[in-house]
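Note sheet for the following structure.
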Amino acid sequence: MADTSHNGHKAPDSFEVRILRQGGPGQNSYWERHRVKHEQDMNVISVLQRIAANAQTVDGKSVAPVAWDCNCLEEVCGACTMVVNGRTRQACTALVDRLLEDNSKEIELQPMTKFPVLRDLMVDRSRMFRSLQKVKAWVPVDGYYDMGPGPKQSREQQEVAYPLSECMSCGCCLEACPQYTKVELTQRDDESDADFQKRKNAAYDSSFIGAAAISQAVLFNSHPTGKNTAGERLDALMDEGGIQVCGNAQNCVAVCPKEIPLTTSIAKAGRATTIHAIKKWFDR
Amino acid sequence: MAKKRVMIVGGGLAGLAAAMKLAELGIDVDMMSLTPVKRSHSVCAQGGINACNDQTRQLGDSEWKHLDDTVYGGDFLQHQPPVKEMTDWAPKIIDLMDRLGVTFNRTTEGFIDRRRFGGTLYKRTAFAGATTGQQLLYSLDEQVRRWESEGKVKKYEFWDFLGPVLDENGNCRGCIGQDLVSMEIRAFPADAVVLGTGGCGLIYGRSTMSMVCTGSAASRAFQAGAKYGNGECIQVHPTAIPGADKLRLMSESARGEGGRVWVPRAPQDTRDPKSIPEAERYYFLEERYPEYGNLVPRDIATREIFDICVNEGLSVEQGRQCVYLDLTHIDAQELTRKLGGILAIYEKFQGVDPRFTPMKIFPAVHYSMGGLWADYERTAEGGLQLASPVNQSTNIPNLYAIGECDYQYHGANRLGANSLLSCIFSGLIVAPGIETLFESQKGAAADLDASLFSREVKRHQAEHDALLKRPAGHENPYLIHQELGEVMTKSATVVRRNDQLDAAYATVMELHERAKNCSLSDTGNWTNQNVVFTKALLDMFPLAKAIVKGALQRDECRGAHYKPAFQMPSLKCEDHAGRRREAEQWCDRFDENNKKWLKSTIATWNGNEPDITYEDVDTSLITPRPRLYGLVGAEVIEEVWNERQAKRQAASGDQGNGAKTPVVAGAAS
Ligand SMILES: Cc1cc2nc3c(=O)[nH]c(=O)nc-3n(C[C@H](O)[C@H](O)[C@H](O)COP(=O)(O)OP(=O)(O)OC[C@H]3O[C@@H](n4cnc5c(N)ncnc54)[C@H](O)[C@@H]3O)c2cc1C
Ligand code: SF4
Ligand code: SF4
Ligand code: FES
């Protein structure tokens with residue numbers, strides 16, 4: 001007998017999943033269909049788990065299991081971002097019954113398009129962590145010895161900072177951003193790992209930094225101690241690939257699973273960099 | 001000579017705290033992690049982190065009381081000096097995390113706000129919204145990124161730790177790792193290796209833990225000769241949301257705000273729960289514990305829910321165990337105001353609004369108190385000798401264990417909000433110890449003869465290649481994992497019986513043999529998650545065996561380890577004199593039991609099975625005392641117990657709070 005989904009709709013016994021696969025960087029991608037038995041409380045992660053346990057296409061061909069990324073399964077680690085039914089989101093909160101309500105025939109899974117595919121749904125988002133280095137997203141404390149409490153902060157300050165500090169580097173905002181374009185390099189035969197890393201960093205540093213890192217710069221520039229190095233963060237935001245690249249399309253804020261007020265951050269950063277530029281011009 | 005380096009495996013709170021502190025001390029660090037460190041399991045912690053603070057202090061709290069709550073909560077199974085040092089440091093750790101920018105909730109005046117957690121009378125718990133673990137982890141991640149940008153820390157993310165490299169004297173000289181993308185296996189010479197690899201919940205199939213919490217790294221150290229302590233001590237949280245992929249935590253506050261737990265009296269009643277009349281509902285917690293009702297302590301709630309489903313067959317659903325946690329009798333607006341955040345989690349994952357439909361919940365494996373055995377150097381005052389290279393070291397020289405993967409801080413049961421503390425603390429103190437270690441070491445691992453490392457790489461490469469070459473059509477690793485999870489969950493969680501444990505041990509042995517015969521569905525050498533999972537599965541078995549065997553042998557109830565056949569009895573006599581007599585006997589039995597069982601379970605791997613021995617516990621600071629919750633006659637037992645304590649103290653000439661005098665014979669080391 002068929003399961004009944006929570007809101008009373010009849011759920012199907014099974015459903016199809018269409019996955020865009022790719023064996024590795026530089027290889028061609030191709031669509032593959034799988035049929036998965038419907039179970040209660042399924043999300044896209046459990047669908048991929050079932051496919052891993054029994055990797056057969058709809059035509060009964062045995063294939064290698066699909067590769068994907070996840071960890072927390074609670075939408076706090078940011079690992080499982082993919083494009084589900086055309087929308088960039090976390091796979092762990094993509095509930096099968098909800099997806100089937102929109103399209104009862106199939107669920108479509110694709111890797112993010114703005115990051116190099118490592119394999120199938122796994123992408124390389126190291127550029128995001130590089131951006132965090134670029135904007136110096138940390139509080140520049142003297143050290144880790146006991147120096148008593150930090151500066152007192154008001155409840156209002158905390159309430160502004162907390163939402164920004166929830167950014168889990170999932171990359172949804174970057175996937176949705178028209179200004180954020182893919183940077184994909186291949187290691188040369190004669191190139192060492194270290195040299196390749198250097199070349200990648202240089203390419204990342206000159207490409208658009210993206211909404212998430214801009215918002216982190218705003219977070220640390222508002223921290224009572226973080227403020228002390230605000231100028232360095234603003235310099236980074238004015239550098240090549242900085243905030244001036246943002247076309248204010250506001251796609252980012254619409255897709256952030258943590259509902260981080262990204263456009264507010266971008267506006268704040270925009271004002272701060274303008275003032276910073278004028279100051280620098282006068283200080284010349 | 002090459003410069004000495006440390007390899008830290010795991011970038012959760014513990015690993016990151018260690019990396020940051022080592023970098024500050026000028027020591028170069030490599031970090032290896034299955035996930036980018038920012039995505040480590042620590043981000044899941046919601047509740048908070050404990051420390052005595054200025055406010056609680058004025059209400060009578062102290063670091064000593066935090067120590068007392070922790071060891072009492074752990075049923076005295078942990079060595080007390082490391083716990084004392086940790087609780088002494090707790091307020092300073094909060095200060096440090098505050099300076100690092102953690103967005104702790106604030107009071108109106110701008111101080112860090114606190115809430116009360118289980119197992120204490122004081123509001124010790126600092127929190128950052130409902131994502132304390134995430135916020136703490138991020139601030140450490142940021143500091144480590146800062147050191148990374150200065151070249152002091154090098155990260156190897158998406159790497160799997162395959163095992164330590166030991167020289168001919170059994171000293172650890174580095175480790176072997178495998179790149180999860182390119183599948184390259186290589187050696188990392190290191191003068192100290194620190195494991196901060198978290199818990200092992202996946203041994204139970206599904207748990208509240210993240211997907212990388214397989215315990216594989218700890219198991220690989222165990223199989224290389226590291227001792228594993230108190231494996232059987234596994235914490236089960238009473239209320240989790242069953243999911244097809246994971247069991248997600250549902251906070252205790254749902255019951256705190258009036259949530260009622262019930263099942264239909266008719267097994268698997270298929271009616272809409274809201275249409276089931278009151279008389280046909282079994283509010284079993286309220287009926288069995290009229291005084292406490294739905295707010296019985298965690299372990300009791302867990303046991304009762306388990307009992308109703310497993311033994312009484314009253315689970316709400318056929319084929320899946322769960323009970324109702326019902327809030328629908330409370331005004332929806334009030335619920336939104338008080339519980340909005342946590343109810344949103346339920347709705348997000350279940351697609352059902354718990355304000356109008358009863359939630360379905362069931363206990364879930366949540367935390368591993370046991371872990372790699374770790375040492376410490378005690379001071380005369382009963383704390384730790386800071387900067388001693390002994391602190392947090394395993395029995396393998398130069399190999400350290402910190403965070404949830406060590407066994408040190410939580411005894412037989414962990415108090416809420418104490419784990420984030422122990423993770424950061426153990427990470428911070430391991431660093432100066434390693435600095436001292438380096439002063440005494442001759443030569444650097446990087447200068448050793450390369451054959452030591454290439455031999456180990458070859459061995460692991462051969463194992464890897466053999467796995468890939470397995471003929472198809474044999475066992476399926478995912479199905480074996482499911483079977484392992486089922487047998488572990490059934491036998492070694494809430495209620496433990498020797499016949500079941502005995503049978504479970506045999507099943508685990510058999511599953512291990514079958515698992516050795518797995519064939520892979522992916523035989524490629526690029527981002528092969530299938531082979532990585534199969535390796536992790538194989539390494540679950542040594543720990544699973546240590547857990548089950550430890551549980552089988554420990555014939556008593558202690559903390560989370562509950563064996564009804566060995567429970568201390570309630571008093572039966574009705575008259576006071578009779579009760580006094582029984583209470584005397586009860587206390588004698590309590591002392592006898594402690595003599596026998598107040599000992600750490602120590603497992604060592606013999607190649608096929610764990611051998612179990614027992615070690616005395618240092619209880620020299622706070623005398624073990626009985627936990628009397630829910631016992632008939634508790635007052636009389638307490639009376640007798642206190643009289644005995646007073647006598648013992650008088651006899652040993654101790655004036656004060658009972659500190660420093662081991663009063664239970666055989667308990668001190
Ligand atoms: C849902 C939930 C809520 C919780 N809430 C609280 C709370 O409110 N308060 C509290 O005090 N505690 C809480 N806890 C417990 C606490 O979160 C954990 O005990 C703690 O975060 C563990 O931190 P860790 O640094 O030891 O390990 P983790 O954060 O688990 O990190 C382990 C690291 O090791 C790496 N690793 C593992 N295996 C390997 C391998 N083979 N090779 C390479 N790397 C490896 C991982 O990639 C990861 O980086 C909660 C736990 C859960 C499950
Ligand atoms: S507002 Fe800027 S960052 Fe956001 S999507 Fe648009 S261009 Fe991208
Ligand atoms: S800002 Fe939002 S969408 Fe962007 S990375 Fe952070 S959490 Fe993800
Ligand atoms: S698995 Fe962590 S966000 Fe989805």
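For clarity, every value in this text was computed on a predicted model and none was experimentally measured. By convention in this document, chain letters (A, B, ...) are assigned in the order of the sequence lines, proteins followed by strands, and residues within each chain are numbered from 1.
- Here B:Cys213 contributes atom SG and A:Asn71 contributes atom CG; the two are 6.5 Å apart, rounded to the nearest 0.5 Å.
- By the 4.5 Å heavy-atom criterion applied to side chains, A:Tyr162 and B:Thr131 are counted as neighbours.
- In this structure, B:Asp95 contributes its side chain and A:Asp146 its backbone to no donor-acceptor pair below 3.5 Å.
- Contact detail for B:Lys348 and A:Leu95: the closest heavy-atom pair is O-CD1, 3.2 Å.
- Taking the side chain as every heavy atom from C-beta outward, B:Tyr138 and A:Met168 approach each other to under 4.5 Å.
- The candidate with the highest count of non-hydrogen atom pairs below 4.5 Å against chain B, out of A:Cys92, A:Ala67, A:Pro151, A:Gly226, is A:Ala67.
- For chain A, the nearby part of B:Ser40 is the backbone; its heavy atoms alone come within less than 4.5 Å.
- Heavy-atom neighbours of chain B within the stretch residues 120-127 of chain A, taken at a separation under 4.5 angstrom, comprise A:Met122, A:Arg125.
- Using a 4.5 Å cut-off on side-chain heavy atoms (C-beta onward), A:Lys136 and B:Glu142 make no contact.
- The closest side-chain donor-acceptor pair between A:Gln158 and B:Thr103, if any, does not fall under 3.5 angstrom.
- Per-residue counts of heavy-atom pairs under 4.5 Å with chain B were compared for A:Gln157, A:Gln49, A:Arg130; the largest is that of A:Gln49.
- Here A:Ala53 is the residue among A:Cys70, A:Ala64, A:Ala53, A:Ala137 with the most heavy-atom pairs under 4.5 Å with chain B.
- Between the side chain of B:Trp526 and the main chain of A:Leu118, a donor-acceptor pair closer than 3.5 Å is present.
- Looking at A:Val47, neither its backbone nor its side chain comes within 4.5 Å of chain B, counting heavy atoms on both sides.
- Ion pairing of B:Asp245 with A:Arg50 is absent here, as no side-chain N (NZ or NE/NH1/NH2) approaches a carboxylate O to less than 4.0 Å.
- Here the closest heavy-atom approach between residue B:Arg39 and residue A:Ser169 is recorded as NH2-O, 2.9 Å.
- Judged by the 6.0 Å distance and 45° axis criteria, B:Lys92 is not positioned over the aromatic ring of A:Tyr145.
- A:Lys152 forms a cation-pi arrangement with B:Phe111, by the criterion of a distance under 6.0 Å to the ring centre and an angle within 45° of the ring axis.
- One finds the SG atom of A:Cys72 at 10.5 Å from the CE atom of B:Met211 (value rounded to the nearest 0.5 Å).
- Within the 4.5 angstrom heavy-atom criterion, only backbone atoms of B:Thr208 (N, CA, C, O) approach chain A.
- Taken to the nearest 0.5 Å, the CG atom of A:Leu73 stands 8.0 Å off from the SG atom of B:Cys44.
- Put simply, the side chain of A:Arg119 gets close to the backbone of B:Thr527: a donor and an acceptor are under 3.5 Å apart.
- Residues A:Glu156 and B:Arg106 are not in side-chain contact: their nearest non-hydrogen atoms beyond the backbone lie 4.5 Å or more apart.
- Residue contact with chain A, scored on non-hydrogen atoms closer than 4.5 Å, is absent for B:Phe533.
- The environment of A:Glu259 atom CD is sparse: at most 12 non-hydrogen atoms of other residues, nucleotides or ligands sit within 6.0 angstrom.
- Comparing A:Ala161, A:Gly143, A:Ala55 by heavy-atom pairs within less than 4.5 Å of chain B, the highest count is held by A:Gly143.
- Taking 4.5 Å as the limit, every side-chain heavy atom of B:Glu148 sits out of range of all side-chain heavy atoms of A:Phe129.
- No more than 12 heavy atoms of other residues, nucleotides or ligands shown are found within 6.0 angstrom of CH2 on B:Trp89.
- For B:Glu150, no part lies near chain A; criterion is any non-hydrogen pair under 4.5 Å.
- When heavy atoms are compared at a cutoff of 4.5 Å, B:Val212 approaches chain A by way of both its backbone and its side chain.
- No other option in B:Met209, B:Arg145, B:His481, B:Met97 has as many heavy-atom pairs under 4.5 Å with chain A as B:Arg145.
- Using a 4.5 Å cut-off between heavy atoms, B:Pro36 touches chain A through its side chain atoms alone.
- When the candidates A:Glu159, A:Glu166, A:His223 are compared by the number of heavy-atom contacts under 4.5 Å with chain B, A:Glu166 comes out ahead.
- Listed options A:Gly24, A:Pro224, A:Ala52 were ranked by heavy-atom pairs under 4.5 angstrom with chain B; first place goes to A:Ala52.
- Heavy-atom neighbours of A:Asn28 CG from other residues, nucleotides or ligands within 6.0 Å: at or below the threshold of 12.
- The closest side-chain heavy-atom distance from B:Arg146 to A:Val141 is below 4.5 Å.
- Contact annotation for B:Asn105: both backbone and side-chain heavy atoms come within less than 4.5 Å of a heavy atom of chain A.
- Here the closest heavy-atom approach between residue B:Gln350 and residue A:Asp41 is recorded as NE2-OD1, 3.2 Å.
- With a threshold of 4.5 angstrom between heavy atoms, B:Met20 approaches chain A through its backbone and through its side chain.
- Looking at B:Leu25, only its side chain comes within 4.5 Å of chain A, counting heavy atoms on both sides.
- With a 4.5 Å cut-off on side-chain heavy atoms, A:Leu132 and B:Lys38 count as touching.
- No part of B:Gln482 comes within reach of chain A, as not one of its non-hydrogen atoms sits under 4.5 angstrom from that chain.
- Taken to the nearest 0.5 Å, the CZ atom of A:Arg155 stands 4.5 Å off from the OG1 atom of B:Thr108.
- Counting only distance, with no hydrogens or angles, the side chain of B:Arg99 and the backbone of A:Tyr144 share no donor-acceptor pair below 3.5 Å.
- B:Ile345 contributes atom CD1, which lies 12.0 Å from atom OG1 of A:Thr93 (distance to the nearest 0.5 angstrom).
- Using a 4.5 Å heavy-atom cutoff, the side chains of A:Val139 and B:Leu100 are not in contact.
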